[in-house]
Amino acid sequence: MTDWSQLHHAYGTAEDIPGLLDAVSPAPKDSGWTELWSRLCHQGTVYSASYAALPALRDMARRWSPVDRQMPLCLAGAIVAGVDQPFGDEDPHVAYPSEMSDLVQLTEEALREPALGDDSGTYVYLLAALLSFEGVEVWGEQLDGLNDDEYEVPCPSCSTENFIAFGEYGFFSTTDSMYMNETAAKKMPLQPAAASALEGLAQRLHSRALADGQTDVAHKLTYVFGKAQCAECDAVFSVAEAITGEHG
């Protein structure tokens, strides 16, 4: 049995976590999820109680149907991906190997749910969770930039921060944080990767998104794994390598 009084979350000792876990429903708008998220993965920071909650989140996802289990999977994924651990450096893949294996399977089932066809945002969050459970570094925490249509990365040559935009405002790099305005500073067109040239993780994610009917996600991935030109010094660089270099 877990002694929650000996564990901590963002606001102190964790005696309240079992009650919150027992009371929460599958509904994403259930306020209980806000309470759990703020305690167990506060702005990306994780605590001893965060990892202790993984078995319960796994069990919750197992009880609920694939279409209903997105919240426990996404919270578990965020916990596993968290690198800010002020109270230790525990590796959940070592401490909870069976839970990680189960969570991979449960997430795979959720990703195949046809109801996600019109919900690319949740699809990306679940795909990020899957990468977290598999132990893929950086992308479990950073893949959700696909939902923001933007990454902010330093140019590898001059260190100037560039905004990499790939959405409703266009597909470009710029140093102007207000690039959504028509008067924004210069914008350098992005160079998407050809689908046939993708390799490794990029190829896997792109092929999977297409197979799952997520064509918009697949399209955005060609820009994330393509190249950008620095809007300050004109150096051309790999967007994905800049992301992993910044957060790895």
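The first residue of the sequence shown is numbered 1, and numbering continues consecutively from there. Keep in mind the model is a prediction, meaning the values are calculated, not measured.
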Would you check if [X] and [Y] make a side-chain contact, meaning some heavy-atom pair closer than 4.5 Å?
X	Y	result
L126	C74	yes
D102	D59	no
I243	V224	yes
M188	N162	no

For the backbone of [Y] and the side chain of [X], can you confirm whether one donor and one acceptor N or O come within less than 3.5 Å of each other?
X	Y	answer
T34	D30	no
T174	K187	no
W33	S25	yes
T122	D119	no
R69	L106	yes
Q214	L116	yes

Start with the C-alpha distance between E168 and K220, add both sets of side-chain angles, then the distance that settles salt bridge (Lys or Arg N to Asp or Glu O under 4.0 Å), and finish with yes or no. CA-CA 12 Å; E168 65 175 305; K220 290 178 181 179; over 6 Å; no
Ring centres of H42 and Y47 under 6.0 Å apart? no
Would a line drawn from the ring center of H219 to the ring center of F171 be shorter than 6.0 Å?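 Judged by ring-centre distance (under 6.0 Å), H219 and F171 do meet the cut-off.
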Please report the shortest heavy-atom distance between [X] and [Y], naming the atom on each side.
X	Y	answer
P28	Q70	CG-OE1, 3.9 Å
V24	G32	CG2-C, 4.0 Å
L54	Y96	CD1-CD1, 4.1 Å
F172	L190	N-CG, 3.4 Å
A115	V67	CB-CG2, 3.8 Å
A195	H206	CB-CE1, 3.5 Å

Is it the case that atom CG in D3 sees more than 12 heavy atoms from other parts of the structure closer than 6.0 Å? yes
Within a 6.0 Å radius of atom CD on E161, are there more than 12 heavy atoms belonging to other residues, nucleotides or ligands?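 Enclosed: over 12 neighbouring heavy atoms sit under 6.0 Å from CD of E161.
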Please determine whether side chain to side chain donor-acceptor pair (under 3.5 Å) holds for the pair Q203 and S207, giving the CA-CA distance in whole Å, both sets of side-chain angles, and the decisive distance to 0.1 Å. CA-CA 6 Å; Q203 192 277 331; S207 296; 2.7 Å; yes
Report yes or no: do [X] and [Y] belong to one cluster of Ile/Leu/Val/Met/Phe/Trp/Tyr joined by side chain heavy-atom distances under 4.5 Å?
X	Y	answer
W4	Y11	no
L111	L210	no
I17	V46	yes
I164	L198	yes

Run the salt bridge (charged side-chain N to carboxylate O under 4.0 Å, His left out) test against R208 and tell me which residues pass, sequence neighbours left out. E108, D212
From CA spacing to verdict: side chain to side chain contact (heavy atoms under 4.5 Å, CB included), C41, S50: CA-CA 7 Å; C41 193; S50 308; 5.8 Å; no
Between P154, C230, S157, S173, which is the residue that forms a side chain to side chain contact (heavy atoms under 4.5 Å, CB included) with F237?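 Going through the options one by one, the only one that passes is C230.
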So L57 and I79, side chain to side chain contact (heavy atoms under 4.5 Å, CB included) or not? Walk me through it. CA-CA 11 Å; L57 291 170; I79 289 170; 4.1 Å; yes
Only counting residues at least two apart or in another chain, list the ones meeting ring pair (Phe, Tyr, Trp, His ring centres under 6.0 Å) with H93.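 If we apply the ring pair (Phe, Tyr, Trp, His ring centres under 6.0 Å) test to H93, skipping adjacent residues, there are no hits.
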Return the orientation label for the F225 and W139 ring planes: parallel under 30°, perpendicular over 60°, tilted otherwise.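 Because their plane-to-plane angle lies in the 30° to 60° range, the rings of F225 and W139 count as tilted.
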Mind checking whether Y179 and F163 have parallel, tilted or perpendicular rings, split at 30° and 60°? tilted
What's the verdict on salt bridge (Lys or Arg N to Asp or Glu O under 4.0 Å) for D68 and R63, showing C-alpha distance, side-chain angles and the deciding distance? CA-CA 10 Å; D68 286 333; R63 289 195 305 271; over 6 Å; no
Show the numbers, then the answer: is there a side chain to side chain contact (heavy atoms under 4.5 Å, CB included) between L20 and R39? CA-CA 10 Å; L20 289 169; R39 285 163 171 76; 3.7 Å; yes
E15 side chain to T13 side chain, donor-acceptor N/O pair below 3.5 angstrom: yes
For V138 and E246: C-alpha separation, side-chain torsions, deciding distance, then whether side chain to side chain contact (heavy atoms under 4.5 Å, CB included) applies. CA-CA 9 Å; V138 178; E246 175 78 353; over 6 Å; no
Taking atom OG1 of T107 and atom CG of L127, what is their separation to the nearest 0.5 Å? 10.0 Å
